[in-house]
Amino acid sequence: MTPPIQYGARPTPDQLEAQIQATFNEALRQHQRGQFKQAQALYEAILRAQPRHYQSLYSLGMLQAQSGSFQSAADLIEKALEILPGNPEFHFYLGNCLQQLHKLEAAVEAYDKAIGLSPEFSQAHSNRGFALQTLGRLDAAVASYHKALAITDTDALVHCNLGAALLGLQQFDAALAGCDKAIALKPDYAEAHTNRGAALYGLQRFEAAVASYDRAIAINPAYAKAHTNRGVAVQELGQLQAALASHDRAIAINPDYADAHSNRGITLHALRRLEDAVASYDKAIAIQPVFVAAYYNRGLALHELRRPNAALASFDQATAIDPESAQAHFNKSLTLLLEGDFQQGWPLYEWRWKTEKSKPRVRNFGQALWLGDAPLVGKTILLHSEQGFGDTIQFCRYATRVAALGARVIIEVPEPLLGVLGGLGGNIELAPKGKPLPAFDYHCPLLSLPLAFKTDAKSIPASQSYLRSDSAKMAEWGQRLGAKTKPRVGLIWSGNADHVNDHNRSVALSALVAQLPDTLEYVSLQKEVRDSDRPALESNGHIRHFGDALKDFGDTAALCEWMDLIISVDTSVAHLSGALGRPTWVLLPYVPDWRWLLDRKDSPWYPSVSLYRQSDDREWGNVLEQVKADLVNRYNKDSE
């Protein structure tokens, strides 16, 4: 081993240079052997003798980086660059240190300098891409990865990182191709298999996604990310207990994995274990205090627990961290509207257009959006539907108010509603959705009209009825039904099975039938019957069912008009019946949709509607028993 530099007689410059070079060579040898203390002592000895020995500055910087002292490493490499600014490798490793210090913009600048000096420096392009990806500048990251791959196409890490960046851009097919290339180069690459699973998940190929996660786990059983991602995918397959087990496994591997705790909360929410879900979100937030999604998902669980103040606080915490969190703002609006706070709720409800779910429904018209802020006299305005049939029926009531401002009103609606919305009357025209539109000056989504009119609880336009049935259809259905011998009760027990809240709002027909007095005539207003309800319908011949004879809402409206009473869960027919002014009993879950508000038996939107609500047991039993009692009382008949 060459000893540290010592001085006796003053050496000649050549002798000093030779001794420094010998010491440096020994330092490198110790460094390469992992003898960091010995190597550091030698580098420092050289620098005492020759402070501008850039090779020792750089090598000592590398040693500091290997020891985890990235700030010291960066300082040393910057000193080396002051002496030799044209060395691309120095800039590259400075970028690596800065990236470890989370100084990402500075890291990108360092990589840019390395690339400027050596354009074919593929690793600099790759690491630059990773820094940009961490900054959320995904398009720029993808461009950097492509430059790296244009130089050398055989680096599995670059292909994998490219796949991850493309995932962030939701370019799932391209992400899948990148992951497949990484796996072709390195078959046992657990991270690439996991990213491949995420790409397949994005393509809604959930079973294939699970298979990719399983492959990653087989390669690396301790890979927590693969476990929790697998849980997310199997939840999409309806396997909630399996999903929970996957999240629990991820947490067992890494107890401080915030994403796994948050994902576990989502699964517990789906299992209706709401208190446990909140606890999981709390754990995620304790680990990662700026976890926006955990805050707003926590708010959703608290909303369903009927703890509105806590829910609002959770949404506010999310938006304090990320003022542009559309999900948090929108979900806060739903809690406010459910509470009847229309003044705060309507403006926040506009955030729906920035949520991932609603973005595909955004209408990019060249005409201005009207929210009550411009005169409409002599103008034409397009009101367009945006959500379900029930929403369109509920908010088309505003069309006459818009027309009263002096406007020509065009309502664009789904074709099945054309027949029934024709009853609005006035200076109102209907346009089928998907067909060419006439010229117009302004537009407004139907569910933005309450905001435009600054609607509060006292100013809801709630006439007894604002729709009417076609007289020809009324006659047709009157003939089809025949003479009435008993009071007629129309029944709707289920809505759209794909609705996010269907598990809460629909009732099994068998449960409803068990509470219906047989002294009345019952008419199914359902067009479609689920397989699970068909045996109950077929075994109860006293329920008349017309199915496909209900061609559109015009038919349903005419059939509603012949009913003495309509009993419905929260679905479009409940809105239709209320809009027609028919006596309607709406069966609501414990936490209903915002438009039904809380803890009241009537609806400010529909004077003819009475509300039957689940209690905190979240079961239908007591609701249906009350329906039975009220039917008996209403028609003064004894049930059997």
Trainee: Decide, yes or no, whether a salt bridge links R595 with D570 under the criterion of side-chain N to carboxylate O below 4.0 Å.
Mentor: no

Trainee: Pairing donors with acceptors under 3.5 angstrom, does anything connect the side chains of S448 and R352?
Mentor: yes

Trainee: Hey, are H261 and S280 close enough side-chain-wise for a donor-acceptor pair under 3.5 Å?
Mentor: no

Trainee: Determine, for Y257 and R264, whether the Lys NZ or Arg CZ falls below 6.0 Å from the six-membered ring centre while staying within 45 degrees of the axis.
Mentor: no

Trainee: For Q526, is there any backbone N or O sitting under 3.5 Å from a side-chain donor or acceptor partner on S524?
Mentor: yes

Trainee: Decide yes or no on side chain to side chain contact (heavy atoms under 4.5 Å, CB included) for S262 and Y281, but give the supporting numbers first.
Mentor: CA-CA 5 Å; S262 179; Y281 295 134; 4.2 Å; yes

Trainee: Locate the shortest heavy-atom distance separating L138 from A165; write the atom from each residue and the value.
Mentor: CD1-O, 4.0 Å

Trainee: Indicate yes or no for a side-chain donor-acceptor contact from Q99 to the backbone of A131 under 3.5 Å, with no hydrogens or angles considered.
Mentor: yes

Trainee: Have Y612 and Q626 got a donor and an acceptor in their side chains that come within less than 3.5 Å?
Mentor: no

Trainee: Aromatic contact between W596 and H575, with the criterion being ring centroids under 6.0 Å apart: yes or no?
Mentor: yes

Trainee: Please list, chain by chain and in numerical order, all residues satisfying salt bridge (charged side-chain N to carboxylate O under 4.0 Å, His left out) with D602, sequence neighbours excluded.
Mentor: R600

Trainee: Looking at every heavy atom in both W370 and L449, which two are closest together, and how far apart are they?
Mentor: CZ3-CD2, 4.2 Å

Trainee: Between K354 and E324, does a side chain to side chain contact (heavy atoms under 4.5 Å, CB included) hold up when you go through it step by step?
Mentor: CA-CA 9 Å; K354 294 186 178 182; E324 296 301 309; 4.1 Å; yes

Trainee: Would you say the side-chain atoms of R618 pair up with the backbone N or O of S615, donor to acceptor, closer than 3.5 Å?
Mentor: no

Trainee: Are L576 and F553 close enough, and set up right, to give a side chain to side chain contact (heavy atoms under 4.5 Å, CB included), and what steps lead you there?
Mentor: CA-CA 8 Å; L576 177 62; F553 279 87; 3.9 Å; yes

Trainee: Decide whether S246 and Y213 meet the rule of one side-chain donor and one side-chain acceptor closer than 3.5 Å.
Mentor: no

Trainee: Is it the case that the side chain of N297 and the backbone of A293 share a donor-acceptor pair, with hydrogens and angles ignored and the cut-off at 3.5 Å?
Mentor: yes

Trainee: Give the minimum heavy-atom separation between I285 and A294, together with the two atoms involved.
Mentor: CG1-CB, 3.8 Å

Trainee: Would you check, one step at a time, whether the test side chain to side chain contact (heavy atoms under 4.5 Å, CB included) holds for L312 with Q344?
Mentor: CA-CA 12 Å; L312 293 171; Q344 292 190 76; over 6 Å; no

Trainee: Hey, do the aromatic rings of F342 and W594 have their centres closer than 6.0 Å?
Mentor: no

Trainee: Got a sec: does the NZ of K527 have more than 12 other heavy atoms crowding it under 6.0 Å?
Mentor: yes

Trainee: Determine, for K359 against E356, whether the closest basic-nitrogen to carboxylate-oxygen distance falls under 4.0 angstrom.
Mentor: yes

Trainee: Sub-3.5 Å donor-acceptor pair from the side chain of S465 to the main-chain atoms of G581, do we have one?
Mentor: no

Trainee: Looking at every heavy atom in both L200 and A208, which two are closest together, and how far apart are they?
Mentor: CD1-O, 3.6 Å

Trainee: Can you tell whether the side chains of D599 and R306 come within less than 4.0 Å, N to carboxylate O?
Mentor: yes

Trainee: Distance only, no hydrogens: is a donor on one side chain within 3.5 Å (strictly under) of an acceptor on the other, for H443 and E412?
Mentor: no

Trainee: Can you confirm whether or not the ring centre of Y295 sits under 6.0 Å from the ring centre of F315?
Mentor: no

Trainee: Roughly how far, to the nearest 0.5 Å, is the CD1 atom of I566 from the CG atom of L580?
Mentor: 7.5 Å

Trainee: Can you tell me how far apart CG (L371) and CD (E350) are? Round to the nearest 0.5 Å.
Mentor: 5.5 Å

Trainee: Whether the side chain of H227 engages the backbone of P221 through a donor-acceptor N/O pair (distance < 3.5 Å, no angle test) should be reported.
Mentor: yes

Trainee: Spell out, as yes or no, whether a donor-acceptor pair under 3.5 Å connects the side chain of R582 to the backbone of M563.
Mentor: yes

Trainee: Identify which one of W353, W351, Y349 satisfies the ring pair (Phe, Tyr, Trp, His ring centres under 6.0 Å) criterion when paired with F330.
Mentor: Y349

Trainee: Which atoms form the tightest heavy-atom contact between T455 and I460, and what is the distance?
Mentor: CG2-CG1, 3.7 Å

Trainee: Between atom CG of L101 and atom NZ of K103, what is the distance when rounded to the nearest 0.5 Å?
Mentor: 5.5 Å

Trainee: Ignoring hydrogens and angles, tell me if any N or O in the side chain of K433 forms a donor-acceptor pair with the backbone of S385 under 3.5 Å.
Mentor: yes

Trainee: Does atom CD of E528 have more than 12 heavy-atom neighbours, drawn from other residues, nucleotides or ligands, at distances under 6.0 Å?
Mentor: no

Trainee: For the OH atom of Y398 and the CZ atom of F453, what is their distance to the nearest 0.5 Å?
Mentor: 8.0 Å

Trainee: Tell me, please, which residues at least two apart from S459 pass side-chain hydrogen bond (donor to acceptor under 3.5 Å, both in side chains).
Mentor: D456

Trainee: Looking at every non-hydrogen atom in both residues, tell me the closest pair between A260 and T228 and how far apart they are.
Mentor: CA-OG1, 3.5 Å

Trainee: Hey, which of N195, V142, L176 is the one that makes side-chain contact (heavy atoms from CB on, under 4.5 Å) with L166?
Mentor: V142

Trainee: Hey, is CD on Q343 packed in by over 12 heavy atoms from elsewhere, all under 6.0 Å?
Mentor: no

Trainee: At what distance, to the nearest 0.5 angstrom, does OG1 of T134 lie from CG of L104?
Mentor: 5.5 Å

Trainee: Measure the CG-CG distance between L203 and D173 for me, rounded to the nearest 0.5 Å.
Mentor: 5.0 Å

